[in-house]
There are 2 protein chains.
Amino acid sequence: MEVNEKQIVSLLRQQGHKITPQRRAILDVIARSDGHLTPAALYQRVNRQYTGIGLVTVYRTLGLLAGLGLICRVHTGGSCHNYLLRRPEEHHHHLICSGCTKVVDLAGCNLAAEAARISDKTGFEIESHLVEFTGRCGDCRQLALT
Amino acid sequence: MEVNEKQIVSLLRQQGHKITPQRRAILDVIARSDGHLTPAALYQRVNRQYTGIGLVTVYRTLGLLAGLGLICRVHTGGSCHNYLLRRPEEHHHHLICSGCTKVVDLAGCNLAAEAARISDKTGFEIESHLVEFTGRCGDCRQLALT
DNA sequence: CCTGCAAATGAAATTAATTTTCAATAAGTG
DNA sequence: CACTTATTGAAAATTAATTTCATTTGCAGG
Ligand SMILES: [Zn+2]
Ligand SMILES: [Zn+2]
Ligand SMILES: [Zn+2]
Ligand SMILES: [Zn+2]
């Protein structure tokens, strides 16, 4: 199920990207890592085994891989420079336009059962959840047509 | 349904926070704003009507309000300093431990129907979605007991 | 095996967001 | 009114991420 290094390499080639030692090193470290890493943490790991691989290259490679859907990004809350929305109301979800960053509140949430299931399965005590849909609003789609 | 300024003020007082002119100004602007704002944008708006309110105070007030659940944060993708996870596989969701930031992949997703419904209702063309559950893992809960 | 060119790299500078520090100020209690 | 303590804001510090640009290099084509 998991995409292995060889597959990634051939996909990269297919897409016209070059296979550099740096990219190989990064892929290798990712392949042998568990869990998740910040770009900086990955940079450190890579440089424990290989030399002279720049942080910029790590950023660029991660961007490339994420863009191709080969790795995934996680918002780990923390101090992400988030946008703020007014209107408290109850818990709800968000719909964000990728064109103009307009945000629409989505009332209602039926994830309680799902949360309970996850809790049972994983032993986590679920505290909260975040759901965001991303898409293009009508306005932005109009603009794209011209 | 919405919490109004007066209610917020009394809640703040209840919690032992002081009601300063700065906080009033920020609350006032939030109350009259639509949609969402970055801290910087809010800062600008506040200073169009009031004078001498520092950006730091805006940050602090937003943090306070968000902490009390009176406003909400949105991750608008962009260049949030995200954490990265290995393992591509198919689309899936995440469960994040708020104690140790451990991330667990949650296989399966049954939000397609929901996405279609949202699309119909809002006119957005849904491109993707993000679901994150946050909770405390077994290990972190153990630690908390001591 | 060469050659040439576009893609990729990395050091350094830059941009940007957010947090910390700390002295001065002011809210609210009694 | 006075006192205590939270709050404020300017400036510095921290941190993350991107841009720039000269140099290097993968690899396609000969
Ligand atoms: Zn839009
Ligand atoms: Zn929900
Ligand atoms: Zn944990
Ligand atoms: Zn999903």
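Chain letters run A, B, ... following the sequence lines, proteins first and then strands; every chain starts at 1. Note that the structure is predicted; figures quoted are calculated from it, not measured.
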| request: Ignoring the backbone of Val56(A), work out which of dA6(D), dA11(C), dA16(D) is nearest its side chain. | output: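 My answer, after comparing the listed nucleotides, is dA11(C).
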| said: Please pick, from dA17(C), dG9(D), dT18(D), the nucleotide with the shortest atom-to-atom distance to any side-chain atom of Ile53(B). | reply: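 Ranking dA17(C), dG9(D), dT18(D) by closest atom to the Ile53(B) side chain puts dG9(D) first.
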| said: Does Arg13(A) reach a base, just sugar-phosphate, or nothing at all? Heavy atoms under 4.0 Å. | reply: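 The residue Arg13(A) makes sugar-phosphate contact but no base contact.
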With respect to the phosphate group of [N], does any side-chain polar atom (N or O) of [X] fall under 4.0 Å of OP1 or OP2?
| X | N | answer |
| --- | --- | --- |
| Thr57(B) | dG9(D) | yes |
| Thr20(A) | dT9(C) | yes |
| His17(B) | dT7(D) | yes |
| Gln22(B) | dG9(D) | yes |

| field | Donor-acceptor pair between Gln49(B) and Arg32(B) side chains, under 3.5 angstrom | value |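 Judged by distance alone, the side chains do pair up.
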Kindly list each side-chain donor-acceptor pair under 3.5 angstrom involving residues 50-68 of chain A, sequence neighbours excluded, with atom names and distances?
unit_1: Tyr50(A); atom_1: OH; unit_2: Asp28(A); atom_2: OD2; d: 2.7
unit_1: Thr61(A); atom_1: OG1; unit_2: Thr57(A); atom_2: O; d: 2.8

Roughly, in whole Å, what's the span from [atom1] in [X] to [atom2] in [N]?
| X | N | atom1 | atom2 | value |
| --- | --- | --- | --- | --- |
| Leu37(A) | dA16(D) | CG | P | 14 Å |
| Arg24(A) | dG26(D) | CZ | P | 10 Å |
| Leu12(A) | dG26(D) | CG | C1' | 13 Å |
| Ile26(A) | dA8(C) | CD1 | P | 13 Å |
| Gln14(B) | dA27(C) | CD | P | 21 Å |
| Asn47(B) | dA10(D) | CG | C1' | 14 Å |
| Lys18(A) | dC5(C) | NZ | P | 12 Å |

| field | First of Arg23(A) and Arg60(B) reached from the 5' end of DNA chain C, by closest nucleotide | value |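 Comparing both residues, the 5'-ward one is Arg23(A).
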| query | Toward the 5' end of DNA chain D, which comes first, Tyr43(B) or Leu55(A), by nearest nucleotide? | reply |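 The residue mapped nearer the 5' terminus is Tyr43(B).
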| query | More 5' along DNA chain D: Pro21(A) or Thr61(B), using each one's nearest nucleotide? | reply |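 By nearest-heavy-atom nucleotide position, the 5'-most residue is Thr61(B).
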| query | What's the shortest heavy-atom distance between Arg13(B) and Arg24(B), and which atoms? | reply |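 Scanning both residues, the minimum pair turns out to be NH2-NH2, 3.8 Å.
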| query | Under the side-chain contact (heavy atoms from CB on, under 4.5 Å) criterion, do Ser33(B) and Arg45(B) qualify, and how do the steps go? | reply | CA-CA 9 Å; Ser33(B) 297; Arg45(B) 285 207 195 188; 3.4 Å; yes
Can you give me every donor-acceptor pair (side chain of residues 122-129 of chain B, partner residue at least two apart or in another chain, under 3.5 Å) with its distance?
unit_1: Thr122(B); atom_1: OG1; unit_2: Ile118(B); atom_2: O; d: 2.7
unit_1: Thr122(B); atom_1: OG1; unit_2: Phe124(B); atom_2: N; d: 3.2
unit_1: Glu127(B); atom_1: OE1; unit_2: Ser98(A); atom_2: OG; d: 2.9
unit_1: His129(B); atom_1: NE2; unit_2: His91(B); atom_2: NE2; d: 2.9
unit_1: His129(B); atom_1: NE2; unit_2: His93(B); atom_2: NE2; d: 3.3

